[in-house]
Amino acid sequence: MSTKKCVLAYSGGLDTSVILGWLQDQGYEVHAVYVDLGQPCEDRDAIMKKARDCGAASARLIDVREELCRDFAFPVLAWQAKYEQIYLLGTSIARPLISKICLQVAREVGAVAYAHGATGKGNDQCRFQLAAEALDPKVEMIAPWRIKEFREAFPGRTELIAYCAEKNIPVKASTAKPYSSDENVLHISYEAGELEELDVNGVELVEFGMGVSPQEAPDESESVTIGFESGVPTTLNGQAVNALEMVERLNDIGGRNGIGRIDMVENRFVGMKSRGVYESPGMTILYDALMYVEQLTMDRDLMHLRDRLAPEVAEMVYYGFWYTPKMDALMSFIKQAQAVVTGEVTLKLYKGNISVDSRSSPNSLYDAEIATMEGGGSYNQDDAEGFLRIQGLPSRVQGSVTPRKY
């Protein structure tokens with residue numbers, strides 16, 4: 001009887017190191033996949049070596065940083081999608097891509113199962129599984145933290161470390177921070193630990209990894225110019241850049257100016273409220289920059305429809321419904337809606353704040369001749385009389401039939 005094969009989304013951290021060994025204990029041939037999303041890491045080669053040393057049948061690192069920015073983050077940007085008004089979805093966006101890569105490896109090695117280290121309380125389990133099952137309806141999902149026997153064997157960090165010692169799995173000794181973090185090129189999220197206490201100031205507790213605080217930012221503003229073509233950011237300070245370069249450079253620029261930190265209590269898909277602190281300097285700049293070009297180029301009714309649909313898109317991304325017909329249709333819609341959103345905007349960054357300095361577009365619908373409050377121009381104010389009589393007709397009829405008290 002052949003050994004069952006399993007692909008593991010592997011980070012090299014404590015949890016997935018234990019899961020790698022535990023899966024082998026369950027009789028699986030494990031193929032470890034480290035999906036490189038731009039998360040800062042000391043030594044990727046060491047992570048791969050650790051996986052092989054710990055019995056992985058294969059270990060591979062797959063760099064998807066450009067794809068993450070170009071094909072996942074930028075379409076969400078075009079929607080101006082923010083979960084519960086302020087979260088830019090940095091973790092959510094990456095999860096369906098991780099599942100896609102792991103399933104590609106599974107197909108290559110003939111694996112029937114896909115394992116991950118997400119807990120049964122969080123959102124990531126939903127995103128991993130909903131994406132995977134949409135791509136491969138027959139995939140066997142293994143989420144050890146949802147398995148009672150696994151939780152009983154490893155009720156805490158002490159037992160995880162003891163297992164590593166028993167199996168000769170190297171564990172990097174470190175002082176545990178009073179919160180956990182998840183990193184990629186789009187953002188860093190911080191949650192749990194002391195951040196579960198709402199009387200703790202989150203942005204003062206967290207040791208941020210992508211930039212300085214607004215208080216420590218320079219006392220002079222910094223200008224940055226971003227060019228868009230059909231809603232896609234393509235130039236930075238006059239230089240053509242790819243998606244990854246755009247995000248990385250804006251992370252540096254925004255980070256040194258204290259841009260893009262938030263602290264929120266959000267509604268998880270599984271039903272509970274949780275507290276998270278996030279930093280996303282580059283994407284925060286891009287959301288503002290695109291907005292200013294849209295203000296020049298997008299038709300009013302189209303923009304307002306997009307704005308009504310954007311919370312729906314944010315919710316779908318947050319919950320994990322990326323590979324769905326509904327999302328396919330919405331992505332086709334936004335590509336058409338953004339077709340004319342071409343132009344350039346210069347922003348000023350100052351101590352956590354973003355202001356617009358100038359904006360231009362060859363497709364600008366802004367006409368100073370029409371908009372001016374001065375006399376003249378092609379707008380005939382007499383036309384407003386008939387416009388308002390027609391608009392007010394239902395109210396006049398209603399007011400005659402059922403008068404309102406005032």
Side-chain angles (χ1 to χ4, degrees), residues 9 11 15-16 19 35 37 39 68 71-73 75-77 79-103 114-137 139-148 150-151 179-184 186-193 195-196 198 202 262-280 283 287 308-331 334:
S11 70
D15 283 22
T16 54
I19 290 170
V35 182
L37 303 158
Q39 56 272 53
L68 173 66
D71 298 340
F72 288 77
V76 175
L77 162 69
W79 270 105
Q80 291 283 343
K82 301 177 183 180
Y83 185 66
E84 297 185 339
Q85 302 183 56
I86 58 173
Y87 172 41
L88 302 188
L89 299 159
T91 296
S92 320
I93 289 167
R95 296 324 195 196
L97 178 54
I98 293 173
S99 279
K100 185 183 87 164
I101 297 300
C102 286
L103 288 186
Y114 166 32
H116 61 76
T119 75
K121 280 190 171 184
N123 295 307
D124 281 338
Q125 59 171 343
C126 309
R127 298 162 184 157
F128 286 136
Q129 186 157 338
L130 290 169
E133 290 182 347
L135 296 173
D136 180 4
V139 68
E140 177 191 345
M141 296 298 303
I142 303 176
W145 289 113
R146 297 203 303 254
I147 299 171
K148 185 179 180 182
F150 183 87
R151 292 197 306 274
Y179 49 82
S180 64
S181 62
D182 179 78
E183 309 180 14
N184 61 42
L186 304 176
H187 87 158
I188 305 179
S189 66
Y190 308 90
E191 63 179 11
L195 288 173
E196 291 173 354
L198 298 183
I262 64 168
D263 179 341
M264 70 184 293
V265 173
E266 68 201 58
N267 290 292
R268 284 184 181 169
F269 189 19
V270 294
M272 70 186 75
K273 288 186 182 287
S274 66
R275 195 267 191 93
V277 174
Y278 302 98
E279 61 175 330
S280 188
M283 292 305 296
Y287 268 71
R308 291 196 296 275
L309 291 171
E312 184 94 3
V313 173
E315 188 176 89
M316 291 176 69
V317 174
Y318 186 86
Y319 291 172
F321 292 106
W322 186 271
Y323 300 113
T324 61
K326 181 177 170 184
M327 184 65 88
D328 293 341
L330 287 165
M331 287 304 179
I334 200 62

Engineer: My understanding is that only residues two or more places apart in sequence, or in another chain, count here; which of them pass side chain to side chain donor-acceptor pair (under 3.5 Å) with Q125?
Structural biologist: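 Applying side chain to side chain donor-acceptor pair (under 3.5 Å) to Q125 gives R146.
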
Engineer: Which distance, rounded to the nearest 0.5 Å, do you find between the CD of E315 and the OH of Y83?
Structural biologist: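 E315 CD to Y83 OH: 6.0 Å, rounded to 0.5 Å.
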
Engineer: Write down the atom of A81, the atom of A310, and the distance for their closest heavy-atom approach.
Structural biologist: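 What the structure gives for the nearest pair is CB-O, 4.0 Å.
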
Engineer: How long is the span from the CG atom in L77 to the CE atom in M283, to the nearest 0.5 Å?
Structural biologist: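 The CG atom of L77 sits 4.5 Å away from the CE atom of M283.
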
Engineer: Could you grab the distance from atom CE of M264 to atom OH of Y87, nearest 0.5 Å is fine?
Structural biologist: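 It is 8.5 Å, given to the nearest 0.5 Å.
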
Engineer: Please state whether the rings of F269 and Y319 are parallel, tilted or perpendicular, taking 30° and 60° as the class boundaries.
Structural biologist: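 Ring orientation, 0 to 90° scale: parallel.
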
Engineer: Name the orientation class of the two ring planes belonging to F72 and W322 (parallel below 30°, tilted from 30 to 60°, perpendicular beyond 60°).
Structural biologist: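 Geometry flag for W322 against F72: parallel rings.
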
Engineer: Sequence neighbours excluded, which residues qualify as salt bridge (charged side-chain N to carboxylate O under 4.0 Å, His left out) partners of E312?
Structural biologist: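 K326.
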
Engineer: For V313 and V76, what are the C-alpha separation, side-chain angles and deciding distance, and is it a side chain to side chain contact (heavy atoms under 4.5 Å, CB included)?
Structural biologist: CA-CA 8 Å; V313 173; V76 175; 5.5 Å; no

Engineer: Who pairs with R268 by salt bridge (charged side-chain N to carboxylate O under 4.0 Å, His left out), at least two apart in sequence or on another chain?
Structural biologist: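 Counting only residues at least two positions away or on another chain, R268 forms a salt bridge (charged side-chain N to carboxylate O under 4.0 Å, His left out) with E191.
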
Engineer: Can you list everything that forms a side-chain contact (heavy atoms from CB on, under 4.5 Å) with D136? Sequence neighbours excluded, please.
Structural biologist: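 Testing D136 for side-chain contact (heavy atoms from CB on, under 4.5 Å), a comparison that skips the adjacent residues, returns L103, K138, V139.
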
Engineer: Could I get the full list of side chain to side chain donor-acceptor pair (under 3.5 Å) partners for K273, not counting sequence neighbours?
Structural biologist: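 K273 satisfies side chain to side chain donor-acceptor pair (under 3.5 Å) with N267 once adjacent residues are dropped.
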
Engineer: Would you find a donor on one side and an acceptor on the other, under 3.5 Å apart, between the side chain of R275 and the backbone of E196?
Structural biologist: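 No, R275 side chain to E196 backbone: no donor-acceptor pair under 3.5 Å.
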
Engineer: Sequence neighbours excluded, which residues qualify as side-chain contact (heavy atoms from CB on, under 4.5 Å) partners of A94?
Structural biologist: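 A94 satisfies side-chain contact (heavy atoms from CB on, under 4.5 Å) with L37, L68, N184 only.
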
Engineer: Any luck finding a side-chain donor-acceptor pair between Y318 and E84 under 3.5 Å?
Structural biologist: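 Judged by distance alone, the side chains do not pair up.
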
Engineer: Rounded to the nearest 0.5 Å, what's the gap from OG1 on T119 to NE2 on H116? Could you check?
Structural biologist: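 Rounded to the nearest 0.5 Å, the OG1-NE2 separation comes out at 9.5 Å.
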
Engineer: Determine the minimum heavy-atom distance between D15 and G117, stating which atoms define it.
Structural biologist: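 It is OD2-O, 4.5 Å.
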
Engineer: D182: which residues meet the side chain to side chain donor-acceptor pair (under 3.5 Å) condition with it, sequence neighbours left out?
Structural biologist: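 Expected list: T91, R95.
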
Engineer: What are the two closest heavy atoms between W79 and L330, and how far apart are they?
Structural biologist: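 What the structure gives for the nearest pair is CZ2-O, 3.1 Å.
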
Engineer: In Å, rounded to the nearest 0.5 Å, how long is the span from OG of S280 to CD1 of I86?
Structural biologist: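 The CD1 atom of I86 is 12.0 Å from OG of S280, to the nearest 0.5 Å.
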
Engineer: According to ring-ring contact (aromatic ring centres under 6.0 Å, His included), who are the partners of Y323, at least two apart in sequence or on a separate chain?
Structural biologist: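 Scan of Y323 (ring-ring contact (aromatic ring centres under 6.0 Å, His included), adjacent residues dropped) gives none.
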
Engineer: I want to check something: taking the side chain as every heavy atom from C-beta on, are Y179 and V277 in contact at a cut-off of under 4.5 Å?
Structural biologist: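 Side-chain contact under 4.5 Å: no.
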
Engineer: Could you work out, with salt bridge (charged side-chain N to carboxylate O under 4.0 Å, His left out) as the rule, every residue matching K82, not counting sequence neighbours?
Structural biologist: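 Expected list: none.
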
Engineer: Okay, side chain of S180, backbone of A192: is any donor-acceptor separation there less than 3.5 Å?
Structural biologist: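 Between the backbone of A192 and the side chain of S180 there is no qualifying donor-acceptor contact (under 3.5 Å).
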
Engineer: Nearest 0.5 Å, please: how far is CG in D263 from CG in L195?
Structural biologist: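 Answer rounded to 0.5 Å: 7.5 Å.
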
Engineer: Under the rule for side chain to side chain donor-acceptor pair (under 3.5 Å), what residues qualify as partners of Y190, not counting sequence neighbours?
Structural biologist: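 Checked Y190 against side chain to side chain donor-acceptor pair (under 3.5 Å); matches are E279.
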
Engineer: Can you name the residues that form a salt bridge (charged side-chain N to carboxylate O under 4.0 Å, His left out) with R127, not counting sequence neighbours?
Structural biologist: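 Per chain and number, R127 pairs via salt bridge (charged side-chain N to carboxylate O under 4.0 Å, His left out) with D124.
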
Engineer: Just jot down the ring-ring contact (aromatic ring centres under 6.0 Å, His included) partners of Y287, sequence neighbours excluded, or say none.
Structural biologist: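 ring-ring contact (aromatic ring centres under 6.0 Å, His included) check on Y287 returns nothing, list empty.
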
Engineer: State, yes or no, whether a side-chain contact exists between N123 and S92 at a heavy-atom distance under 4.5 Å.
Structural biologist: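 No, every pair of side-chain atoms sits at 4.5 Å or beyond.
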
Engineer: Taking the six-membered ring for Trp, are H187 and Y278 parallel (under 30°), tilted (30 to 60°) or perpendicular (over 60°)?
Structural biologist: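 Parallel, since the angle between the ring planes stays under 30°.
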
Engineer: What pair of heavy atoms forms the shortest contact from I98 to A9, and how long is it?
Structural biologist: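 For I98 and A9, the tightest heavy-atom pair comes out as CG2-CB, 4.3 Å.
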
